[in-house]
Amino acid sequence: GLTFDSSNRAHLIPTGGAATGGTAALNITGDIDINGATNRTLQVLAPASGDGSIFAIQGSIAGTSSDDGGAITIKPGGTTSGTGGDLNLYSGTSTSATGGDIQLFTTSGDATVFPILRVVPDKKVSIQNSTGSKVPVGLLDVEQTEVAGAMPVLRLKQADVDVALAQFS
């Protein structure tokens, strides 16, 4: 059922489910199904003034220190005979300034953040292994910054010898 706690936070708990104990405005125990008869949008609305707000989706933190954190999976729809759904990532737009970047990050065991992929509005791509996000100079900009224990910048391996490894035209 739907309940509200003393701080007016909503809790959706199906019959037989346990309360989330959550402290957000809306706390849900169980999955969420959305009617797929038409397109749907989950959107953070614009503030009255100032920059737009960050919309974050975060996996579960581990229950104990030796357990794993929760993964986030984005999976487009499937079909039995048609074409499966695409996964489309868009950067933000601007009518009078530059559009946003698309970036992919990873972290080390101590939570140091490493930007590893960046696509900027002029369609240049940066692949890197440094702690600072690099702006790509060329169409494809690969930067290996490790000095000690360095690794190759590029490794190519092809198992099918009937097809050319590279084609230039």
Side-chain angles (χ1 to χ4, degrees), residues 1-136 140-141 143 145:
L2 173 62
T3 62
F4 293 90
D5 63 22
S6 61
S7 298
N8 291 322
R9 294 181 292 238
H11 299 267
L12 290 174
I13 308 165
T15 302
T20 65
T23 58
L26 176 61
N27 303 279
I28 301 172
T29 299
D31 296 332
I32 300 172
D33 288 332
I34 299 173
N35 183 317
T38 188
N39 295 337
R40 306 287 181 202
T41 300
L42 178 60
Q43 178 179 355
V44 177
L45 299 176
S49 64
D51 293 342
S53 300
I54 293 173
F55 177 62
I57 299 173
Q58 181 173 330
S60 173
I61 296 172
T64 62
S65 62
S66 61
D67 291 331
D68 296 335
I72 294 176
T73 303
I74 300 173
K75 185 177 178 182
T79 179
T80 56
S81 61
T83 301
D86 295 331
L87 177 60
N88 301 312
L89 296 175
Y90 291 85
S91 61
T93 62
S94 174
T95 56
S96 61
T98 304
D101 295 349
I102 296 175
Q103 296 190 71
L104 180 64
F105 298 87
T106 191
T107 57
S108 65
D110 65 358
T112 301
V113 176
F114 295 100
I116 57 172
L117 178 75
R118 182 175 183 183
V119 182
V120 296
D122 59 358
K123 300 177 270 185
K124 294 178 184 169
V125 178
S126 172
I127 300 172
Q128 64 206 37
N129 68 338
S130 62
T131 54
S133 184
K134 305 291 183 187
V135 177
L140 175 60
D141 193 336
E143 184 170 345
T145 60

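Below, each value reflects all heavy atoms present in this structure, side chains not excepted, and no hydrogens, waters or symmetry copies.
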Residue pairs fulfilling salt bridge (Lys or Arg N to Asp or Glu O under 4.0 Å) with at least one residue in [range], sequence neighbours excluded:
{"range": "residues 78-98", "value": "none"}
{"range": "residues 1-26", "value": "D5-R9"}
{"range": "residues 45-58", "value": "none"}

Atom pairs and distances, donor-acceptor, side-chain atoms in residues 121-128, under 3.5 Å, two or more places apart:
| from | atom 1 | to | atom 2 | distance (Å) |
| --- | --- | --- | --- | --- |
| K124 | NZ | V137 | O | 3.3 |
| S126 | OG | Q128 | OE1 | 2.8 |
| Q128 | OE1 | K134 | N | 3.2 |
| Q128 | NE2 | P115 | O | 3.2 |
| Q128 | NE2 | G132 | O | 3.1 |

(message) I'd like to know whether CG of L140 has more than 12 heavy-atom contacts from other residues, nucleotides or ligands below 6.0 angstrom.
(response) yes
(request) Check whether more than 12 heavy atoms from other residues, nucleotides or ligands sit under 6.0 Å from atom CG of L26, and answer yes or no. (result) yes
side-chain hydrogen bond (donor to acceptor under 3.5 Å, both in side chains) against [X], all qualifying residues, sequence neighbours excluded:
{"X": "S133", "result": "Q103, R118"}
{"X": "T73", "result": "none"}
{"X": "T38", "result": "none"}

(request) Measure the spacing between OG1 of T3 and CG of N27 and express it to the nearest 0.5 Å. (result) 9.0 Å
(message) Just verifying a value: how many Å separate I13 CD1 and I28 CD1, rounded to the nearest 0.5 Å?
(response) 11.0 Å
(request) Taking all non-hydrogen atoms of both residues into account, name the closest pair between T29 and P14 and its distance. (result) O-CD, 3.0 Å
(message) Ignoring hydrogens, what is the shortest heavy-atom contact between G52 and P47? Give both atom names and the distance.
(response) CA-CD, 4.1 Å
Which residues satisfy the side-chain contact (heavy atoms from CB on, under 4.5 Å) test with [X], sequence neighbours excluded?
{"X": "L87", "answer": "I74, P76"}
{"X": "A62", "answer": "D67"}
{"X": "S66", "answer": "T64"}
{"X": "L42", "answer": "F55"}

(message) Which residue is it: T112, I116, L117? I am looking for the one with a side chain to side chain contact (heavy atoms under 4.5 Å, CB included) to T106.
(response) I116
Atom pairs and distances, side-chain donor-acceptor, residues 89-98, under 3.5 Å, sequence neighbours left out:
| from | atom 1 | to | atom 2 | distance (Å) |
| --- | --- | --- | --- | --- |
| S91 | OG | G100 | O | 2.9 |
| S94 | OG | S96 | N | 3.4 |
| S94 | OG | A97 | N | 2.8 |

